[in-house]
Amino acid sequence: MNTILHKADTRGLANHGWLVSRHTFSFANYYNPERMHFGVLRVLNDDLIAKGTGFPKHPHDNMEIVSIPLKGNLEHKDSMGNTAIIKEGNIQVMSAGTGVMHSEYNQSKEEDCSFLQIWVIPKKRNVEPRYDQVSISELMEENAFSQILSPNADDQGVWIHQNAWFHMGNFEENKEGTYTLKDKSNGVYLFVLEGEMKVNDDITLEKRDGLGIKDIEEFKIKTNKKTKVLVMEVPELI
């Protein structure tokens, strides 16, 4: 098992006033040649958008963009004609493909919005842009890893143009769980949203810590307190 540990306080930080963003991997003005990506997982941004502000319309292409609100809601608008509210408990995916414009705005006048912005490099370029979102809360099982994203349109959760699977786990204190890879050639990146846990009785992860693991077929976790973790299984970058 090969691992790479990214402690929460080692992430890049961008504070724009209306936006505070912490970058696990190099992004915008944060550049670290040792932290460019984990396989095809290119961006993992932990964003806080102030009330009444947001990202104006901007372009993307040839990227699978996944958004997971952790607190609050975001209004999404794009050049495909979609207008939607992404709520806490949802997951949204946008295949940028040949090119798309979109905006994300926190309409609330009372609370900030916290969300994860994740970019995955696709296996196919210049696909037709597409958009989808589903409720994660309807998929979740307690003390288990629940699938929220896959390569297959007919599977549980949303799908993307990549041989990747995302699972979310909500575990009570002193619970154990095992994750078995869908594709043994993939790696996995764990990101702890809340709580504290051990991986394979060896590595302790706390809130907002990240851990990349390669050359395994499965791993085990044990929680030290109530824990919420995102598991991203992704291929190597070719």
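Positions are given from 1 along the sequence.
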Close side-chain approach of [X] to [Y], heavy-atom, < 4.5 Å:
| X | Y | value |
| --- | --- | --- |
| V229 | H167 | no |
| Y179 | E218 | no |
| F25 | Y189 | yes |
| N143 | N170 | no |

Salt bridge or not between [X] and [Y]? Use side-chain N to carboxylate O under 4.0 Å.
| X | Y | result |
| --- | --- | --- |
| K175 | E142 | no |
| E88 | K71 | no |
| K7 | D209 | yes |

Same cluster or not: [X] versus [Y], using hydrophobic residues (I, L, V, M, F, W, Y) connected whenever any side-chain heavy atoms lie under 4.5 Å apart?
| X | Y | result |
| --- | --- | --- |
| M63 | M80 | yes |
| V43 | I86 | yes |
| V134 | I65 | yes |

**Report entry** Cation-pi, F38 ring and K214 (6.0 angstrom, 45 degrees)
**Finding:** yes
Those residues at least two apart in sequence (or on a different chain) that pass side chain to side chain donor-acceptor pair (under 3.5 Å) with Y105 are none
Residues passing the side chain to side chain donor-acceptor pair (under 3.5 Å) test with R11, sequence neighbours excluded, are D46
Do [X] and [Y] make the cut of ring centroids closer than 6.0 angstrom?
| X | Y | answer |
| --- | --- | --- |
| H76 | Y131 | yes |
| W18 | F55 | yes |
| F145 | F166 | no |

